[in-house]
Each structure stands twice: as C-alpha cells, then as structure tokens.
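Both ligands and their constituent atoms are indexed starting at 1 by order of listing. Keep in mind it's a predicted model, so treat the numbers as computed, not measured.
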Amino acid sequence: MGCLASKNSEGDEGKTRKKVVMVGLDNAGKTSILNRVRTQHFMPSAPTVGLNIETITFGNLELLIFDIGGRARSLWSHYYENLDALIFVVDSTDRSRLLNVREEFIKLNDELRYKNSVVLVLFNKQDAIEELVDYSDLLEECGVNEVLELDTIVQKCSAKNGDGLIEG
Ligand code: GDP
C-alpha cells in the first residue's frame, strides 16, 4: 500500500514491518479487501465478529493488518498503540450512512492526533456505485477532506475487481 512507503521500522530479515489497523462501519468491505489483496480473489465473506489478523508482504514491506469488526467500535482504539497507518474503509454504495462515517472521522481526530500515523481512506465498492452518484459528493457528505485533520490519503477502490487497492 503506497502511503506506507514513507515510514520506517526495520524487521529482522531486512523487511520493513508496519502495523496497520483497518476499520470502518460493518459491511464496508474490510474483510473482502483483505482477502483480495492476500489472494487476488474476491470471495464471499461473513461479517467480521471481533478481529481478523493477517500478515501481507509487498516486496520488502511486511504489513501486519488488524481488521476490526464494524460493530466492535469500542475495540478500535485499543489497537492504535504503535500504529503506522490506519485504513478506514467506506461503503460508497451506502450513502445513508455517510453521516455515521463523518462521526467516526471526528472521533479519529482525537484518537490519532498525536500518533504520527497516516490514514488511508478507501472508498470501496466503486464497481457497484450508481452512475448518477458523483464521487466528489461522497467525499463531501462524509467530510473526509474537511473533518479529518490527520495526514490523510483518499483512494477509490473495489474489492470485487481489485481496482485502486494497490494504489492505495
Ligand atoms: P466488512 O464487514 O467490512 O468486513 O465487509 P465484508 O468484507 O464482509 O463485505 C460486506 C459485503 O459487501 C459482502 O457481501 C461483500 O461481498 C460485499 N463487498 C465487499 N466489497 C465489495 C466491492 O468492492 N464490491 C461489491 N459489489 N461488493 C463488495
């Protein structure tokens, strides 16, 4: 994941290890993204109950990824210690919950303000977005550029067809 290349912590075998926590409302596609990046396939997933932990390697970069269930919101911040990056996944097809996403961004400001970690916001399910929906409206409705006061990168993607994931 591109945004991680800037922070360093060397592992034993010359690999650069990063701790990444992936959060987002339930059903956003976190597990699907993790599966897609890990296996290059889109596979059926059940809602995450609690936590999935995966290690993914990109060349010299080793990512330890914590995928935390959307319904386990109270657990999220317990995993923010020694964080290199946070990935926040948004379901781009679920406009009705973009205000909830905005509320989560406000909480993240407080929780991550002094952690010196980068935030990658993935607008997932772009393959299923209605043609009339404008991407810039989604960004505005959840307030990603105005509410989130952290070092943030925004990327649209699809776990289904893989678009945008490696760029992110
Ligand atoms: P999580 O609760 O955030 O881990 O979400 P899941 O990965 O379990 O996905 C929730 C639902 O959205 C599942 O039915 C997935 O098949 C579906 N889904 C996830 N990503 C995509 C995507 O990029 N496109 C489409 N069309 N469906 C997706």
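Contact atoms of ligand 1 toward D127: 22 (C), 23 (O), 24 (N), 25 (C), 26 (N) (distance under 4.0 Å to a heavy atom of the residue). Within the listing of ligand 1, atoms 26 (N) sit less than 4.0 angstrom from a heavy atom of A128. Which parts of ligand 1 touch T31 is read off a 4.0 Å heavy-atom cut-off, strictly below it: atoms 4 (O), 7 (O).
Between E62 and R17 there is a salt bridge, with a side-chain nitrogen of the basic residue lying less than 4.0 Å from a carboxylate oxygen of the acidic one. Between R73 and E111 there is a salt bridge, with a side-chain nitrogen of the basic residue lying less than 4.0 Å from a carboxylate oxygen of the acidic one. Ion pairing of K107 with D110 is absent here, as no side-chain N (NZ or NE/NH1/NH2) approaches a carboxylate O to less than 4.0 Å.
Shown here is E141, whose CD atom has more than 12 heavy atoms of other residues, nucleotides or ligands within 6.0 Å.
Looking at D26 next to ligand 1, no N or O pair under 3.5 Å apart turns up.
The shortest contact between atom 12 (O) of ligand 1 and any protein heavy atom is with K125 NZ, 3.0 Å. Scanning the protein heavy atoms around atom 20 (N) of ligand 1, the nearest turns out to be N124 ND2, 3.1 Å. Scanning the protein heavy atoms around atom 13 (C) of ligand 1, the nearest turns out to be S45 OG, 4.2 Å. The shortest contact between atom 2 (O) of ligand 1 and any protein heavy atom is with N27 N, 2.8 Å.
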Open item on the list: Quick one, L122 with I33, criterion side chain to side chain contact (heavy atoms under 4.5 Å, CB included). Give me CA distance, side-chain angles, the key distance, then yes/no.
Closed with: CA-CA 10 Å; L122 291 176; I33 287 173; 4.0 Å; yes
